[in-house]
Amino acid sequence: MIEVREVKTKREKKEFLDFPLRLYKGNPYFVPPLYGDEKKIFNKDYVYYDTCEAIYYNAYKNGKIAGRISGILQKASNEKTGEKRIRFTRFDSINDIKVAKALFNAVEKWGVSKGMDTICGPLGFSDLEREGLLIEGFNELSTFEEQYNYDYYPTLIEKCGYAKEVDWTECKIYPPKDDDGSLRKIADYIMKRYNLHFGPSNSTQDFLDRYANQFFDLLDIGYKDIYGTVPLTEGTKKMLIDNFKLIIDIKHVAVVLNEKDEVVCLGLCFPSLSKAVQKSYGHLTPAALVRILKAMKKPKILDLALIAVAPEYINRGVNAIVTAELLRMLKEDGVEYAETNLNLENNYAIQNQWKRFDAVQHKRRRSYIKKIV
């Protein structure tokens, strides 16, 4: 017997949060989010609830939890696109089509009750959350920024009537074996031609004080037409700053300024925290904190986080500057490679950027879509 219940009680909330930790226990590729951050989705003042509504469901099979799902009405996204969509996210299930169908039916009915006609996902409240269903690369370690899922998930979702909307690819990028310094020469030429220079900063706090607001403006402009993105709110900006304070190392940042000291390009890399949070299942135990600090001090893997370029500089080769800086970071002692995280498969500008490296595409993710009216 399959029963789906909206998550309301303290026990149901804990079951919702704990289910993926149990489902993936012992899986060497699954990387949990920080448990404390996930708990915040049940706070009435959660940062995204000023522009969103959300609902959460657990599925039980013979009285035992067997799956979960969340639905999101992202009002800012619908206002931007003129669509009537809900998103699904945080879908996890045992390999049972009846469980999956029961969960998706619940979310779809909720979407119809809100006057929506389409559902898509997995997408979070914004593209700053984990998004995309893994459809290739099940034997690869997930990054801290993205979600892992078992290889039976695509079949479950497609049997529920969902079809591909977009794909993202992910690559491991290594320094080119035949690097002749030409990329740095190109970057230096671009810098000189447009009278650009690197922005100084002597600490993470100094970096944030100097450049955060301009960076957020660039993100809103540069990402406004990217699939699944929504404008940053003051709340999400504050959340980002709080998170950046913990994981940014200024040696893994590239800030490019024009002659007026305005930010025209900025790129961020984070040290990989995947291994650091795995053992504690996302809980910030003392041992986990030690592992995080060690990973930050001497990273073996870098995760590419965000790159933003001012519109007037997009076709001027400024990306070569950030690419050259990434190459510099990859040559640091101990760094083995960088993970690109998600790149839309039809974003040819960013796809071509990785051709300068020894790049290995190792993962693919998908966002699905279904009409519900």
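Atoms considered below: every heavy atom in the structure, side chains included; atoms not considered: hydrogens, waters and symmetry mates.
Closest approach of Ala324 and Ala187 over heavy atoms only: CB-CB, 3.8 Å. Between Ile250 and Asn202, the shortest heavy-atom contact is CD1-C, 3.7 Å. Summarising the geometry of Ser280 relative to Ala288, their closest heavy-atom pair is OG-CB, 3.5 Å, with the distance given to 0.1 Å. Residues Glu53 and Trp110 approach most closely at O-CH2, 3.9 Å, considering heavy atoms. Annotation for Cys265 and Val318: closest pair CB-CG1, 3.5 Å, computed over non-hydrogen atoms. Across every non-hydrogen atom of Lys363 and Leu134, the tightest pair is CB-CD1, 4.1 Å.
Within a 6.0 Å radius of OH in Tyr189, no more than 12 heavy atoms belonging to other residues, nucleotides or ligands are found. Counting heavy-atom neighbours within 6.0 Å of Asn315 CG, excluding the residue itself, gives a total of 12 or less. Heavy atoms from other residues, nucleotides or ligands lying under 6.0 Å from NZ of Lys84 number 12 at most. Counting heavy atoms of neighbouring residues, nucleotides and ligands inside a 6.0 Å radius, atom NZ of Lys64 does not exceed 12 of them. Within a 6.0 Å radius of NZ in Lys159, other residues, nucleotides and ligands contribute 12 heavy atoms or fewer.
In this structure a side-chain-to-backbone donor-acceptor pair under 3.5 Å is present from Asp358 to Lys177. Using modelled atom types, one side-chain atom of Lys370 and one backbone atom of Cys160 make a donor-acceptor pair closer than 3.5 Å. Panel note: side chain Arg328, backbone Arg184; no donor-acceptor pair is recorded below 3.5 Å. Side-chain atoms of Gln214 never come within 3.5 Å of backbone atoms of Tyr211 as a donor-acceptor pair (strictly under, hydrogens ignored). With Arg87 contributing its side chain and Leu123 its backbone, the two residues share no donor-acceptor pair below 3.5 Å. With Arg68 contributing its side chain and Phe16 its backbone, the two residues share a donor-acceptor pair below 3.5 Å. With hydrogens and angles disregarded, a donor-acceptor distance shorter than 3.5 Å links the side chain of Ser274 to the backbone of Ser142. Between the side chain of Asn27 and the backbone N or O of Phe30 there is at least one donor-acceptor pair closer than 3.5 Å. Glu129 places a side-chain N or O within donor-acceptor distance of the main-chain N or O of Phe125, the cut-off being under 3.5 Å. Of the possible donor and acceptor atoms, none in the side chain of Thr169 sits under 3.5 Å from a partner among the backbone N and O of Glu345.
Note: Asn213 CG to Phe216 CZ = 7.0 Å, rounded to the nearest 0.5 Å. Atom-to-atom distance recorded for Glu339:CD and Thr143:OG1 is 6.0 Å, nearest 0.5 angstrom. Put simply, CD on Gln278 and CZ on Arg291 are 9.5 Å apart, with the number rounded to the nearest 0.5 Å. Taken from OG in Ser70 to CG in Asp92, the straight-line distance is 11.5 Å, to the nearest 0.5 Å. Annotation: the span from Ile307 atom CD1 to Leu268 atom CG amounts to 9.0 Å, rounded to 0.5 Å. Between the OG1 atom of Thr340 and the NZ atom of Lys172 there is a distance of 11.5 Å, given to the nearest 0.5 Å.
Judged purely by distance below 3.5 Å, without hydrogens or angles, the side chains of Tyr281 and Asp18 never pair a donor atom with an acceptor atom. Under the 3.5 Å distance criterion, with hydrogens and angles disregarded, no donor-acceptor pair is assigned to the side chains of Gln351 and Asn347. Side chain to side chain, Tyr227 and Glu165 meet the donor-acceptor criterion of an N or O pair below 3.5 Å. With hydrogens and angles left out, the side-chain atoms of Tyr48 and Gln74 include no donor and acceptor closer than 3.5 Å. For the 3.5 Å distance criterion, the side chains of Asp261 and His197 qualify, holding a donor opposite an acceptor. A donor-acceptor pair shorter than 3.5 Å can be found between the side chains of Asn58 and Tyr60. Under the 3.5 Å distance criterion, with hydrogens and angles disregarded, a donor-acceptor pair is assigned to the side chains of Thr229 and Lys80.
Using a 4.5 Å heavy-atom cutoff, the side chains of Met1 and Lys61 are not in contact. Put simply, the side chain of Lys224 does not reach to within 4.5 Å of the side chain of Asp220, judged on heavy atoms. Taking the side chain as every heavy atom from C-beta outward, Lys331 and Asp179 approach each other to under 4.5 Å. The side-chain heavy atoms of Arg364 and Glu170, taken from C-beta on, include no pair separated by under 4.5 Å. Side-chain contact check for Gln361 versus Glu136: some heavy-atom pair is nearer than 4.5 Å. Taking the side chain as every heavy atom from C-beta outward, Thr236 and Ser126 never approach each other to under 4.5 Å. By the 4.5 Å heavy-atom criterion applied to side chains, Arg90 and Pro20 are not counted as neighbours. Considering only heavy atoms from C-beta on, Asn341 comes within 4.5 Å of Asp303 through its side chain.
Note on Ile97: it clusters hydrophobically with Val4, by side-chain heavy-atom contacts below 4.5 Å among ILVMFWY residues. Linking ILVMFWY side-chain heavy atoms closer than 4.5 Å, directly or via other members, places Leu266 and Leu240 in a single hydrophobic cluster. Using a 4.5 Å cut-off between side-chain heavy atoms of Ile, Leu, Val, Met, Phe, Trp and Tyr, with links allowed through other members, Ile301 and Val253 fall into different hydrophobic clusters. Side-chain heavy atoms closer than 4.5 Å link hydrophobic residues (I, L, V, M, F, W, Y) into clusters, and following such links, possibly through other members, connects Val107 to Leu133. Hydrophobic cluster membership is shared by Leu141 and Phe138, with clusters built from Ile, Leu, Val, Met, Phe, Trp and Tyr side chains linked at under 4.5 angstrom.
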Next item on the list: Could you walk me through whether Phe42 and Tyr56 pass ring pair (Phe, Tyr, Trp, His ring centres under 6.0 Å), step by step?
Entry: CA-CA 9 Å; Phe42 294 120; Tyr56 304 90; 5.0 Å; yes
Notebook entry, point to check: Should Phe104 and Tyr162 be marked as a ring pair (Phe, Tyr, Trp, His ring centres under 6.0 Å) after you check the CA-CA gap, both sets of side-chain angles, and the distance that decides it?
Noted result: CA-CA 10 Å; Phe104 279 104; Tyr162 289 75; 4.9 Å; yes
Next item on the list: Could you give me the CA-CA distance, side-chain angles and deciding distance for Lys40 and Asn43, then say whether side chain to side chain donor-acceptor pair (under 3.5 Å) is met?
Entry: CA-CA 5 Å; Lys40 294 176 183 177; Asn43 294 343; over 6 Å; no
Note to self: Please determine whether ring pair (Phe, Tyr, Trp, His ring centres under 6.0 Å) holds for the pair Phe91 and Tyr153, giving the CA-CA distance in whole Å, both sets of side-chain angles, and the decisive distance to 0.1 Å.
What the structure shows: CA-CA 9 Å; Phe91 167 69; Tyr153 276 41; 5.4 Å; yes
Next item on the list: Determine, stepwise, if the pair Thr118 / Lys371 fulfils side chain to side chain donor-acceptor pair (under 3.5 Å).
Entry: CA-CA 4 Å; Thr118 304; Lys371 298 297 290 185; 3.0 Å; yes
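The cationic atom of Arg316 (NZ for Lys, CZ for Arg) lies less than 6.0 Å from the six-membered ring centre of Tyr313 and within 45° of the ring axis.
Residue Leu304 is found in a hydrophobic cluster whose other members, listed by chain and number, are Ile173, Leu183, Leu302, Leu326, Leu327, Met329, Leu330, Val335, Ile350, Trp354, Phe357; membership requires side-chain heavy atoms under 4.5 Å apart, directly or through intermediates.
A salt bridge links Glu12 to Arg5: at least one charged side-chain nitrogen sits closer than 4.0 Å to a carboxylate oxygen. Under a 4.0 Å N-O distance rule, the pair Glu83/Arg85 qualifies as a salt bridge. Ion pairing of Glu15 with Arg11 is present here, as a side-chain N (NZ or NE/NH1/NH2) and a carboxylate O approach within less than 4.0 Å.
Aromatic ring centroids of Tyr24 and Tyr150 lie under 6.0 Å apart.
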